[in-house]
Amino acid sequence: MGEKLLIAGNWKMHKTPTETVEYFKEFLPLVNEVNNVEVLICPPFIDIPAAVKTTEGSNIQIGAQNCYFEKEGAFTGEISPVMLKAAGCKYVILGHSERRHIFGESNELINKKVISALEEGLKVILCVGETLEERESGLTFTVIESQLRLGLSGVENFLDRIEIAYEPVWAIGTGVAAKPEDAEEVHKFIYQILNELNSNQAGNIRVLYGGSVKPSNAEAILSQPHIKGVLVGGASLKPNDFAQIVKIGAKLAEVK
Ligand code: PGA
């Protein structure tokens with residue numbers, strides 16, 4: 001596999017530009033010696049310029065949490081991948097469960113966004129995950145498979161610029177993470193599907209786990225063989241907590 005672990009933070013709708021600068025002042029010195037994992041932070045759009053400027057020359061990459069699929073036009077309130085690229089973003093998260101469930105995004109819409117973000121040269125973190133109801137009805141694998149196949153439709157030859165985040169909806173923001181071995185089972189299944197889509201590139205895709213990752217459970221999660229990183233919400237808002245998770249990743253990178 002060879003890729004570094006990816007430790008990503010999703011700030012969701014938190015922090016102002018001023019708070020962003022303060023965060024990095026605290027966070028950067030905590031992780032400035034870590035170079036064996038990739039570190040990414042995805043703040044709200046309005047904070048991206050401050051985040052890019054403050055992290056310049058560091059080992060931290062900045063990404064966005066969403067985008068629209070058109071390059072420009074009459075789409076009030078939207079942001080395009082062209083704009084994200086120009087602002088210094090390297091990644092965009094697409095299909096996050098909050099986008100799917102609060103804002104009603106369909107697999108078809110998410111797929112259009114994936115295609116458009118890749119065309120602009122951004123890397124994509126495509127999120128997939130089942131709800132509690134789906135899990136309890138035995139639908140986990142069916143849901144994940146269709147989110148993957150529909151989300152990645154037409155970009156099967158560009159999987160080298162895609163990462164997947166498996167985020168069980170019931171584990172997001174609840175404080176209750178999936179059991180590492182249960183997450184591992186789904187990650188294995190995801191790699192199986194990716195392999196069917198493109199056997200040459202599947203091995204280089206990082207499948208991240210997300211949902212209540214914190215310093216106390218990060219090691220058990222990241223120790224699973226098919227978990228290649230984490231997408232961290234709540235715990236990425238605190239420089240100390242997120243730095244601890246980065247360091248756990250760095251420690252495991254030595255042995256993984
Ligand atoms: P959480 O969020 O770590 O706060 O559960 C994860 C996510 O939604 O990406």
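Counting from 1, the numbers follow the sequence of the chain as shown. Both counts, for ligands and for their atoms, begin at 1 and track the order of listing.
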Suppose we measure from [atom] to each protein heavy atom; which comes out shortest, and what is that distance?
atom	result
atom 3 (O) of ligand 1	G233 N, 2.8 Å
atom 2 (O) of ligand 1	K12 NZ, 3.2 Å
atom 4 (O) of ligand 1	G234 N, 2.8 Å
atom 9 (O) of ligand 1	E167 OE2, 2.7 Å

Got an N/O contact under 3.5 Å between G211 and ligand 1?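 G211 vs ligand 1: no N/O contact under 3.5 Å.
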Looking only at distances, please establish whether an N/O atom of ligand 1 is found under 3.5 Å from an N/O atom of E98.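 No; every N/O pair is 3.5 Å or more apart.
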When rounded to the nearest 0.5 angstrom, what distance separates CZ in R206 from CD1 in I227?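 Between atom CZ of R206 and atom CD1 of I227 there are 14.5 Å.
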Within the 3.5 Å criterion, strictly below it, is a donor on [X] or [Y] matched to an acceptor on the partner's side chain?
X	Y	result
E196	Y191	no
E181	Q224	no
N107	R149	no
H96	E167	yes

Taking 4.0 angstrom as the limit and counting only heavy atoms of [X], give me the atoms of ligand 1 inside it, by number and element.
X	value
G173	1 (P), 4 (O), 5 (O)
H96	7 (C), 8 (O), 9 (O)
A171	5 (O)
N10	9 (O)

Are any non-hydrogen side-chain atoms of I93 and L126 less than 4.5 angstrom apart?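 Counting from C-beta outward, I93 and L126 never come under 4.5 Å.
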Parallel, tilted or perpendicular: which fits the ring planes of F75 and Y68, with parallel below 30° and perpendicular above 60°?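 F75 and Y68: tilted rings.
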Winner among S212, G129, A165, A235 once heavy atoms are compared against atom 1 (P) of ligand 1: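 Among S212, G129, A165, A235, the closest heavy atom to atom 1 (P) of ligand 1 belongs to S212.
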Can you get from I205 to V37 by hopping between Ile, Leu, Val, Met, Phe, Trp and Tyr side chains that sit under 4.5 Å apart?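 Yes, I205 connects to V37 through the hydrophobic network.
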